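Since the model is a prediction, treat every value here as computed from it, not as a measurement. Labels below follow one simple rule: chain letters A, B, ... track the order of the sequence lines, proteins then strands, and each chain is numbered from 1.
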There are 2 protein chains.
Amino acid sequence: MSKYEQIKEYIYQKIESGEWPENHPVSSENGLAGQFNVSRMTARRALQELADEGLVTRARGSGTFVAPLKSQSALLTIRNIADEIRTRQHQHHAKVVLMEEVSAPPTLATFLHVPNGSKVWHSVIIHFENDQPVQVEDRYVNPRLVPEYGQQDFTACTPHEYLCEVTPLTEASHQIEAVLPDQQTMQWLGLSEPEPCLQINRRTWCSDGVVSQATLTHPGSKYRLGGHITFRSPRKTKGEV
Amino acid sequence: MSKYEQIKEYIYQKIESGEWPENHPVSSENGLAGQFNVSRMTARRALQELADEGLVTRARGSGTFVAPLKSQSALLTIRNIADEIRTRQHQHHAKVVLMEEVSAPPTLATFLHVPNGSKVWHSVIIHFENDQPVQVEDRYVNPRLVPEYGQQDFTACTPHEYLCEVTPLTEASHQIEAVLPDQQTMQWLGLSEPEPCLQINRRTWCSDGVVSQATLTHPGSKYRLGGHITFRSPRKTKGEV
DNA sequence: TACTTGCTAATGTATATACAACAAATCGAG
DNA sequence: CTCGATTTGTTGTATATACATTAGCAAGTA
């Protein structure tokens, strides 16, 4: 193991064991350099990487301290529906039930930052897992940024994949809620009785503005959103991230 | 702007504009050092940080290349309910409706990795936002790792906050689904009619094993889970992460 | 062809040094 | 004692250098 990794391990162990609680001072760069008999730059690298991983905070002129645990937030990964189905070794296919150009109503126009009443792409696509419908994707797309949207074949590649290709997506915001589907959505999902649905509202951005607004509706009985989380960056012991 | 930041900006711009597509080679450390008239170590820092942010991949002996876009997954932040309410400038309070020690049924015992039938803590806590119930937290806790759980005052600090303090939580897994609440939950949430609820199933781990298993139920009409996402690490232009 | 060898270029690690920017403690004057 | 200036310690940036490790290529060899 390289020297800077040894120093990281040493500090990591102190923090994980609880020997160094929150805000406990960590030896300075020069201090560590002395303890471990390395140059300051090597000790510095250890501290810098720990800071990048969020385990310690550093303040010029003041020192390095054990970072407070971030109890308030955790990260959940949201994956592409097609990928998710495929990794379950199931079969995915999509059906385009609607592809049109419509005048954006006021709310949508505000969402997409386009002039009120201007034309936008509107598509509705149903995603199937082993021939069972698991998602209705109702999407509006800004034609200024993606003029060719209406001409794509979305049975081959999902809209999200396509959008990632043609525009460098930079951000997205999600809202997840539980709702009862309307009649039309029930029909698309093949539901005879109303049942709770997981609805994800997603807005995606590229550097030039809002690209797309999508509402993804999943039947609660056939779909759940899962994710694994690490509160801190895991140690890179075995060479893999 | 410091020199290494200028180099990062330069490369970032090339990638974002699409001028350098996936797998396009990036100038070598020495090359950039020449172009920008800096030392190799300064150019190296720029490339190294871009690699840490996932924008480029590096291979010893081979070179640096624009990383493929990760379209398949995005990250959603899940926050502590109490923090979330407080940042909305609303008032949060909690009510403990149940705190007991029970014998773990088989399924739960497997979940928590404890012997079948051994005692575990079980608590049910209702969280209020401005006196409206917004979450029922039904939690089981491994007493081997958190023996004092039953003696805490959870009107002052949420269980999750407490658990983060006493054990260094390292991981969690979440499952989110839409369900109809049972009679008891409806009563706790003050619902007269059944309505779709967002249910989060969370299991948390520390280095010694599974700490806790919680089911968080939110009424769909009063709660949605929101999150902002960046597909790539944002540029650190204005000095903030 | 198939394999080996050696060279070159690229990244990875480590060191030494210099100076800048900043925070906190120290000291001195009033 | 209080306020302000100075000092000291710590992190941030930048440079120069040395050597290690590896990928890719080219040339040579069987």
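Salt-bridge check for B:Glu29 with B:Arg58: passed, with a basic side-chain N closer than 4.0 Å to an acidic carboxylate O. A salt bridge between B:Glu129 and B:Arg88 is present, with a side-chain N of the basic residue lying under 4.0 Å from a carboxylate O of the acidic one.
Counting only distance, with no hydrogens or angles, the side chain of B:Thr155 and the backbone of B:Ala94 share no donor-acceptor pair below 3.5 Å.
For the side-chain hydrogen bond (donor to acceptor under 3.5 Å, both in side chains) with A:Asn201, the lone residue among A:Glu177, A:Gln213, A:His174 that qualifies is A:Gln213. A ring-ring contact (aromatic ring centres under 6.0 Å, His included) with B:His127 holds for exactly one of B:His90, B:His160, B:His218, B:His92; it is B:His92.
A close approach under 4.0 Å does not occur between any side-chain nitrogen or oxygen of B:Ser39 and OP1 or OP2 of D:dA16. The side chain of B:Gln48 places an N or O atom within less than 4.0 Å of a non-bridging phosphate oxygen (OP1 or OP2) of C:dG12. Between B:Thr42 and D:dT15 there is a side-chain N or O to OP1 or OP2 distance below 4.0 Å. Note on B:Arg45: a side-chain N or O is less than 4.0 Å away from OP1 or OP2 of D:dT13.
Between A:Lys3 atom NZ and C:dG12 atom P there is a gap of 19 Å when expressed in whole angstrom units. The interatomic distance linking A:Phe65 (CZ) with D:dG9 (C1') rounds to 12 Å, in whole Å. As a whole-Å value, the separation of B:Asn37 CG from D:dA14 C1' is 12 Å. Taking atom CE of residue A:Met41 and atom P of nucleotide C:dG12, one finds them 16 Å apart after rounding to whole Å. Between B:Leu32 atom CG and D:dA14 atom P the separation is 14 Å, expressed in whole Å. Between A:Leu50 atom CG and D:dT11 atom P there is a gap of 13 Å when expressed in whole angstrom units. Atom OH in A:Tyr4 sits roughly 13 Å away from atom P in C:dT15 (whole-Å rounding). One interatomic measurement links the two molecules: CZ of A:Phe36 to C1' of C:dA14, which rounds to 16 Å at whole-angstrom precision.
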Quick tally for nucleotides 5-11 of chain C: nucleotides whose base has a protein heavy atom under 4.0 Å get B, sugar-phosphate-only ones S, the rest -, giving -----BB
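Aromatic ring orientation, B:Tyr10 versus B:Phe36: perpendicular (interplanar angle above 60°, classes split at 30° and 60°).
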Chi angles and distances behind the side chain to side chain contact (heavy atoms under 4.5 Å, CB included) call for A:Val210, A:Phe111 = CA-CA 8 Å; A:Val210 180; A:Phe111 252 55; over 6 Å; no
